[in-house]
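Some notes on the structure that comes next.
We name chains A, B, ... by the order of the sequence lines, and we start the count at 1 in each one.
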Amino acid sequence: MPELPEVETIRRDLEKKILNKKIVQAQVLDKKVASGQELAGVLKNNSFVRLERRGKLLAFALKSGQYLLVHLKMTGQLVYKLKIKYQKSKMIYGGHQISSSDLLVPNKFTRVIFTFSDGSQLFFNDLRRFGYMKIVTKAEKEKIWEKDFGIEPLTKEFKFEKFKELFAKRQVKIKAFLLNQKIVAGIGNIYADEICFCARILPWRKVSGLKKEEIKKLFLCSNSVLKRALKNRGTTFKDFVDGVGKSGKHLNFLNVYGRTGEKCRRCGKIIKKTKHAGRGTHYCPGCQK
DNA sequence: GTGTTTGTTATCAA
DNA sequence: CTTGATAACAAACA
């Protein structure tokens with residue numbers, strides 16, 4: 001599940017690889033995730049000049065002025081590879097992973113392939129086909145940037161004064177609050193649980209009932225949890241890989257997500273799992289209040 | 001065959 | 001109008 005740290009890891013990786021390279025071909029292998037006609041038409045002989053991100057959404061600025069929007073949703077991957085030599089087709093189509101940290105592409109989940117003039121390629125893989133690629137105008141992209149997303153963590157605009165105001169007259173559970181992209185951009189199920197653990201607050205409490213100090217803790221934890229995960233290049237549960245096909249290193253630093261039945265590292269109680277806001281919700285019954 | 005996994009949105013209710 | 005809750009989507013795995 002790529003969330004802000006994972007998507008930002010990919011953005012930074014690809015920024016070093018694909019900028020200003022001439023795109024010679026855009027192949028769409030699955031109509032559900034993108035329009036072949038649209039992508040081929042706009043991208044051929046074009047190039048990416050800048051890679052932007054808002055929450056979990058990527059926008060690749062094109063030399064021609066438009067943008068390629070990319071959303072990875074749950075199982076999307078963007079993997080860049082230098083020119084591939086095809087030796088044994090069996091190996092390529094056999095499985096996805098060569099080793100625990102490298103990914104073989106193309107594979108059966110490859111939905112779109114971009115080829116650059118130097119022979120290198122960018123693969124868009126998506127097992128569940130929830131993700132998409134789409135061309136939009138600059139105006140459309142700017143409207144999405146402004147209207148579809150709330151404050152952006154890890155930027156100057158992410159200030160406590162601003163964060164605090166969002167809590168006013170809301171009745172939702174903290175979990176739903178943190179998952180709402182229109183409030184705070186980029187938080188998904190893993191980091192929502194981790195942020196609540198960090199703040200020692202139970203995820204199903206209503207935001208209206210929080211004290212100022214608790215809101216402050218949620219604010220500080222949103223920052224620290226996301227920053228630390230980004231530093232570790234994201235969490236790989238099953239599908240996430242960075243821009244060159246390698247796994248993230250943050251999995252073993254998670255405190256509650258995926259640790260049901262294990263001991264809390266802070267107080268020793270057993271981590272529990274329940275459901276809130278329609279999502280699996282992990283927490284420590286000992287030190288979260 | 002059933003239940004579970006999640007990012008986002010459509011839909012419905014209040 | 002807004003807010004909140006829920007189902008639905010897709011595919012794999014236990």
For this session: Please work out whether the ring planes of A:H250 and A:Y191 are parallel, tilted or perpendicular, with thresholds of 30° and 60°.
Result: tilted
For this session: With the side chain of A:H71 defined as its heavy atoms from C-beta on, choose the nearest nucleotide among C:dA12, B:dT5, B:dT8.
Result: B:dT8
For this session: Look at the side chain of A:Q171 and decide which nucleotide, out of B:dT5, B:dG7, C:dG4, has an atom nearest to it.
Result: C:dG4
Exercise. Would you say the side chains of A:K175 and A:N189 form a donor-acceptor pair under 3.5 Å?
Worked result: yes
Problem set entry | Closest to side chain of A:K32, choosing from C:dA10, B:dT4, B:dT8 | C:dA10
Exercise. A:K56 has an atom NZ; how far is it from atom P of B:dT9, in whole Å?
Worked result: 10 Å
Exercise. Between A:R11 and A:E8, is there a side-chain N and carboxylate O pair less than 4.0 Å apart?
Worked result: yes
For this session: Identify whether any heavy atom of A:G280 sits under 4.0 Å from a base atom; if not, whether one sits that close to sugar-phosphate; answer base, sugar-phosphate or nothing.
Result: sugar-phosphate
For this session: Could you tell me whether A:F177 contacts a base, only the sugar-phosphate backbone, or nothing, with contacts defined as non-hydrogen atoms closer than 4.0 Å?
Result: nothing
Seminar exercise, completed: By nearest-nucleotide position on DNA chain C, the 5'-leaning member of A:R111 and A:K173 is A:K173
For this session: Examine the base of B:dG7 for any acceptor or donor lying under 3.5 Å from a partner atom in the side chain of A:R279, and report the outcome as yes or no.
Result: yes
For this session: Would you mind checking if A:R54 and A:E52 are paired as a salt bridge, meaning a charged N to carboxylate O distance below 4.0 Å?
Result: no
Problem set entry | Interatomic distance, A:K73 NZ vs C:dA10 P [rounded to whole Å] | 11 Å
Exercise. For the pair made of CZ in A:F130 and P in C:dA11, what is the distance, rounded to whole Å?
Worked result: 8 Å
Exercise. In whole Å, what is the span from the CE atom of A:M1 to the C1' atom of C:dA10?
Worked result: 15 Å
For this session: Can you tell me the distance, in whole Å, between the CZ atom of A:F240 and the C1' atom of B:dT5?
Result: 18 Å
Exercise. The side chain of A:K275 lies closest to which of these nucleotides: B:dT5, C:dG4, C:dA11?
Worked result: B:dT5
Problem set entry | A:L127, nearest nucleotide to its side chain (from B:dT8, C:dA10, C:dA11) | C:dA11
Exercise. Does OP1 or OP2 of C:dA12 have a side-chain N or O of A:R128 closer than 4.0 Å?
Worked result: no
For this session: Measure the distance from CD on A:Q77 to C1' on C:dA11 and round it to the nearest whole Å.
Result: 14 Å
Exercise. Atom CG of A:D126 to atom C1' of C:dA11: distance rounded to whole Å?
Worked result: 10 Å
Problem set entry | Aromatic plane relationship, A:F158 with A:F163 - under 30° parallel, 30 to 60° tilted, over 60° perpendicular | perpendicular
Exercise. So does A:Q181 get a side-chain nitrogen or oxygen closer than 4.0 Å to the phosphate oxygens (OP1/OP2) of B:dG7?
Worked result: no
Problem set entry | For atom CG of A:L4 and atom P of B:dT8, their distance in whole Å | 11 Å
